[in-house]
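Below is one structure, written out as structure tokens; comments come after it.
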Number of protein chains: 2
Amino acid sequence: MSKENKSRYALLGALSYAPMSGYDLKKFMEGSTSNFWNESYAQIYPMLKQLTNEGLTVSHTERQEGRPERHVYALTDKGWEELRRWLAEPAERQVERNELLLKLFFGTRVSVATNIEHIQRYRGLVAGSLQQFEGIEATIKTQYAENPELPYWLITLSYGKHISQALLNWCDETINILQKQQEAEKAGTPS
Amino acid sequence: MSKENKSRYALLGALSYAPMSGYDLKKFMEGSTSNFWNESYAQIYPMLKQLTNEGLTVSHTERQEGRPERHVYALTDKGWEELRRWLAEPAERQVERNELLLKLFFGTRVSVATNIEHIQRYRGLVAGSLQQFEGIEATIKTQYAENPELPYWLITLSYGKHISQALLNWCDETINILQKQQEAEKAGTPS
DNA sequence: CGTGTCATGTAATCAGTTACATGATTCA
DNA sequence: TGAATCATGTAACTGATTACATGACACG
């Protein structure tokens with residue numbers, strides 16, 4: 001119940017696309033889910049062993065000339081079952097920490113200019129993400145036009161676009177507010 | 001450099017409002033920053049000791065009749081300095097995990113109806129948050145009208161409102177897309 | 001000749017949650 | 001009588017990152 005390790009499901013899910021090695025899994029996530037899910041090798045390799053112990057995956061070894069061996073993992077029927085069970089369960093909503101907001105909450109302790117800089121820098125990052133999302137969208141729409149997974153990929157991208165656009169608006173509004181405050185301060189804060 | 005423990009700064013920041021005990025700090029965060037920052041007692045109490053060892057805070061004990069003692073912590077000059085140093089530094093952008101998107105990324109493994117349910121449930125949660133934000137906004141705008149911190153509090157609330165609204169739009173759009181897909185499936189997926 | 005990729009993994013550390021332990025008072 | 005609040009803390013555990021270790025090949 002309650003607390004389940006979610007790395008398991010990220011791996012099971014990825015393996016439902018195709019059998020993969022730990023190395024492949026990392027690359028796969030970097031190229032697809034990295035904006036909302038990532039795992040490090042230090043999580044992947046031990047977890048793959050555990051999944052195999054639990055009978056959710058099976059592995060076989062591919063020998064290659066002049067390269068290290070590949071340990072390729074594939075879902076078992078039990079693995080598919082466990083993946084589907086998790087997918088049918090409602091997602092938990094996590095309260096995520098936001099360092100920028102924490103700083104702004106203590107905004108009066110530093111100059112208005114400092115706070116504006118933080119937000120401007122953040123705006124740049126978000127604008128970059130948005131562009132990235134739009135690039136990916138255009139690419140996969142043509143490249144995977146016939147792929148039945150496409151609609152779901154687009155849904156996750158759309159999430160990113162909506163959030164990014166909202167953040168850009170918030171940045172602009174907020175910078176505006178703070179700039180007005182800055183001018184008022186310069187003018188000499190009349191009682 | 002690089003990796004600094006941020007709980008420190010959450011506590012230093014909170015103590016910049018007023019001297020507080022560990023218990024107070026928890027309540028303070030619950031009532032103000034809980035939507036973007038929270039700490040548990042198990043983090044707060046040891047951290048307060050550490051901050052005192054480092055000379056960033058000082059503590060004194062208040063004895064009370066029929067109640068446990070209160071250990072009240074206050075910022076030292078060095079503590080203020082450290083807080084300001086951190087506030088002037090740019091915030092790190094963390095890649096946050098999103099379980100809902102992870103499930104949707106594997107959406108084809110379950111029925112369209114299941115995915116729609118997830119999003120509908122999520123929509124309800126977001127709508128609740130948005131309402132909560134609007135309630136708090138109205139309250140503090142009148143209750144703290146003259147407080148110089150108010151603009152920054154409103155900025156963090158505005159962030160929440162922008163995000164929530166964007167999420168509602170995404171939910172509606174996405175539910176729509178999936179419902180159309182569902183109808184197409186029922187109609188018998190013509191080639 | 002150095003960097004990057006392929007490929008596996010472990011050890012140490014740090015961060016964070018949950019459970020445990022205590023005990024008086026107040027309120028319904 | 002039982003739950004909630006006040007108030008402090010520790011221990012055990014889980015989760016996640018960083019650093020370490022190895023070694024061949026390809027590319028510029």
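Letters A, B, ... are given to chains in the order of the sequence lines, protein chains preceding strands, and every chain is numbered from 1. Bear in mind the structure is a predicted one, so any value in this text is a computation, not a measurement. Values below: all heavy atoms of this structure, side chains included; hydrogens, waters and symmetry mates excluded.
Sorted by first then second residue, the salt bridge (Lys or Arg N to Asp or Glu O under 4.0 Å) pairs that include residues 10-21 of chain A, not counting sequence neighbours, number zero. Applying the ring pair (Phe, Tyr, Trp, His ring centres under 6.0 Å) definition to pairs two or more places apart or across chains, none involves residues 106-127 of chain B.
Distance, A:L11 CG to D:dG15 P: 13 Å, rounded to whole Å. Taking atom CD1 of residue B:I44 and atom P of nucleotide D:dT10, one finds them 14 Å apart after rounding to whole Å. The CD-P distance, from A:Q50 to D:dA16, rounds to 13 Å in whole Å. The interatomic distance linking B:E4 (CD) with C:dC14 (P) rounds to 14 Å, in whole Å. B:M47 has its CE atom 11 Å from the C1' atom of C:dC14, to the nearest Å. Here the C1' atom of nucleotide D:dA16 and the CD atom of B:E96 are 16 Å apart, to the nearest Å. Atom pair A:Q94:CD and D:dG15:P shows a separation of 14 Å (rounding to whole Å applied). Spacing between atom CG of B:N38 and atom P of C:dT17 amounts to 8 Å, rounded to whole angstrom units.
With sequence neighbours left out, A:Y159 forms a ring pair (Phe, Tyr, Trp, His ring centres under 6.0 Å) with B:W170. Annotation: salt bridge (charged side-chain N to carboxylate O under 4.0 Å, His left out) contacts of B:E99 (sequence neighbours excluded): A:K6, B:K103. In terms of the salt bridge (charged side-chain N to carboxylate O under 4.0 Å, His left out) criterion, B:E117 has no residue partners (sequence neighbours excluded). For A:K27, the salt bridge (charged side-chain N to carboxylate O under 4.0 Å, His left out) partners are A:E30, not counting sequence neighbours.
Applying the 4.0 Å criterion to OP1 and OP2 of C:dA15, one finds that A:R97 has every side-chain N and O outside that range. When the side-chain nitrogen and oxygen atoms of A:N5 are compared with OP1 and OP2 of D:dG15, one or more of them lie within a distance under 4.0 Å. The shortest distance between the side-chain N/O atoms of B:S7 and the OP1/OP2 oxygens of C:dG16 is below 4.0 Å.
Rounded to 10°, the angle separating the first-five-pair axis and the last-five-pair axis of the helix from C:dC1-D:dG28 to C:dA28-D:dT1 equals 40°.
Side chain of A:S34 to backbone of A:G31: no donor-acceptor contact under 3.5 angstrom is found.
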Please set out all donor-acceptor pairs under 3.5 angstrom arising from side-chain atoms of residues 67-75 of chain A, sequence neighbours excluded.
residue, atom, partner, partner atom, Å
A:E69, OE2, A:R63, NE, 2.8
A:R70, NE, A:E62, OE1, 3.3
A:R70, NH1, A:D24, OD1, 3.2
A:R70, NH1, A:D24, OD2, 3.1
A:R70, NH2, A:D24, OD2, 2.9

Name the pairs: protein N/O against N/O of nucleotides 7-10 of chain C, kept only if under 3.5 Å.
residue, atom, partner, partner atom, Å
C:dA7, OP1, A:Q64, OE1, 3.1
C:dA7, OP1, A:Q64, NE2, 2.8
C:dA7, O3', A:E69, O, 3.4
C:dT8, OP1, A:H71, N, 3.0
C:dT8, OP2, A:Y23, N, 2.9
C:dT8, OP2, A:Y45, OH, 2.8
C:dT8, O5', A:Y45, OH, 3.3
C:dG9, OP1, A:H71, ND1, 3.3

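Among the nucleotides D:dC6, D:dT17, C:dG16, the one closest to the side chain of B:Q43 is C:dG16.
Residues B:I119 and B:L104 form a side-chain contact, since some pair of their non-hydrogen atoms from C-beta on lies under 4.5 Å apart.
Note on A:R8: nothing from the nucleic acid sits closer than 4.0 angstrom, heavy atoms only.
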